[in-house]
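As structure tokens, the structure follows; a few thoughts come after it.
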Amino acid sequence: MTAERTFSPDDPHASPQAGGVPYSVERRVFARVPCLIERPSLPVRALLIAYHGSGAAKEGKLGVYSALTAQGVAVVIPDAPLHGERTLSQPGLNHREFVWESARRSVAEAEAFITALLSEFGKVPVFVVGSSMGGYVALSLARSERRVHGAVALITSGVWQEPDVNAPGTRAFLEAQRPNTHAEGYPPTPLLLLSGDSDPVFALEQHHVPTAAALERAYLAAGSPEHFSAQVYPGVGHYTSQKMRDAVMAWVTERLEG
């Protein structure tokens, strides 16, 4: 193992680095969830669980938030259910049911997953970030998992109006977790909502605007308006932009330093 070797300070090991600080990439399985871990060489002081979108896999998020490892944040990137190493045939599910069933299963397994992670890394703060479908997961965990110290939802929606989703368990998940009708359950968990103004999947006026408004009202009513913030990025479509990424990392850093 490289950690057991001595390296020349003039020409050290060519390992992955963030800000000149080495980190390692590992594939692990926690609570039956396969994931990639960007592990700091520094003592781990927090976890960031990064949930990917529909049709993607954990490998696509490698390197996106790895700069946080220089601050001792371990970045955990799971394969969503029905994706990546967990791809399964799902006869009887239409496209929208497939997306929502994956999100539902991610939320259902999160309790055991986070417990296993904390057993590995110690009782450190846990943050979650998710893009698109992963944003559904991040929003749900911000409300339902009290060990989450903060959540960021990118290029997603809290409207959750899905007429094509009729699978009973998935429909029940939508009704029970819909952010815009259960916004009172979010405070005081810190929450950041980021969207692009040119997103063809989640049109700004139909998704970001009502979601931000519902959450803003809820945090104001709870007396913690400072714990919710939202931002719209001009020209950004349905992808995690570099400025969004930077905002996520700055937001996590601020919470760690606060």
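For the numbers below, each heavy atom of this structure counts, side chains included, while hydrogens, waters and symmetry mates do not.
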Over all heavy atoms of both residues, which pair between [X] and [Y] is shortest? Give the atoms and the distance, please.
| X | Y | result |
| --- | --- | --- |
| Met133 | Ser102 | CE-OG, 3.6 Å |
| Ser144 | Val107 | OG-CG1, 4.3 Å |
| Met244 | Leu154 | CB-CD2, 3.9 Å |
| Ser131 | Lys61 | OG-NZ, 3.4 Å |
| Leu47 | Val73 | C-CG1, 4.2 Å |
| Leu42 | Gly72 | CD1-N, 4.0 Å |

* Look at the aromatic rings of Phe173 and Trp100 and report parallel, tilted or perpendicular, splitting at 30° and 60°. =>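 Phe173 vs Trp100 ring planes: tilted.
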* Asked: Is a side-chain donor-acceptor pair under 3.5 Å present for Thr115 with Arg147?
  -> yes
Looking at [Y], is its backbone amide N or carbonyl O close enough to the side chain of [X] to form a donor-acceptor pair, meaning the two atoms are under 3.5 Å apart?
| X | Y | result |
| --- | --- | --- |
| Glu38 | Leu62 | no |
| Asp164 | Asn94 | no |
| Arg143 | Pro179 | no |
| Arg171 | Val165 | yes |
| His83 | Gly55 | yes |

For residues [X] and [Y], determine if any side-chain heavy atom of one lies less than 4.5 Å from a side-chain heavy atom of the other.
| X | Y | result |
| --- | --- | --- |
| His13 | Pro22 | no |
| Val21 | Pro40 | no |
| Tyr136 | Gln177 | no |
| Thr253 | Leu68 | yes |
| Ser66 | Val75 | no |
| Thr211 | Val159 | yes |
| Leu139 | Tyr186 | yes |
| Ile155 | Val201 | no |

* In terms of heavy-atom contacts, does CD of Glu111 have more than 12 from other residues, nucleotides or ligands at under 6.0 Å? -> no
* Asked: Hey, is CZ on Arg146 packed in by over 12 heavy atoms from elsewhere, all under 6.0 Å?
  -> yes
* To do: May I have all residue pairs that pass side-chain hydrogen bond (donor to acceptor under 3.5 Å, both in side chains) and include part of residues 215-231, sequence neighbours excluded?
  =>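 Checked against side-chain hydrogen bond (donor to acceptor under 3.5 Å, both in side chains) - neighbours excluded - no pair reaches residues 215-231.
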* Output all residues satisfying salt bridge (Lys or Arg N to Asp or Glu O under 4.0 Å) with Arg178, sequence neighbours left out; order by chain, then residue number. =>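 Partners of Arg178 under the salt bridge (Lys or Arg N to Asp or Glu O under 4.0 Å) test: Glu175.
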* To do: Quick one: do Leu174 and Gln161 satisfy side-chain contact (heavy atoms from CB on, under 4.5 Å)? Show the steps, please.
  => CA-CA 8 Å; Leu174 286 174; Gln161 296 297 334; over 6 Å; no
* Is the shortest side-chain N to carboxylate O distance from Arg104 to Glu162 below 4.0 Å? ->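 Looking at Arg104 and Glu162, the cut-off is not met.
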* Asked: Does the pair Glu85/Lys58 count as a salt bridge with the N-to-O cut at 4.0 Å?
  -> yes
* **Val129/Val252 under side-chain contact (heavy atoms from CB on, under 4.5 Å): CA gap, chis, key distance, verdict** => CA-CA 10 Å; Val129 59; Val252 171; over 6 Å; no
* Asked: With a 6.0 Å cut-off on ring centres, are Phe202 and His208 close enough?
  -> no
* Output, in order, the C-alpha distance, side-chain angles, deciding distance and verdict of side-chain contact (heavy atoms from CB on, under 4.5 Å) for Trp251 and Leu194. => CA-CA 12 Å; Trp251 186 87; Leu194 304 180; over 6 Å; no
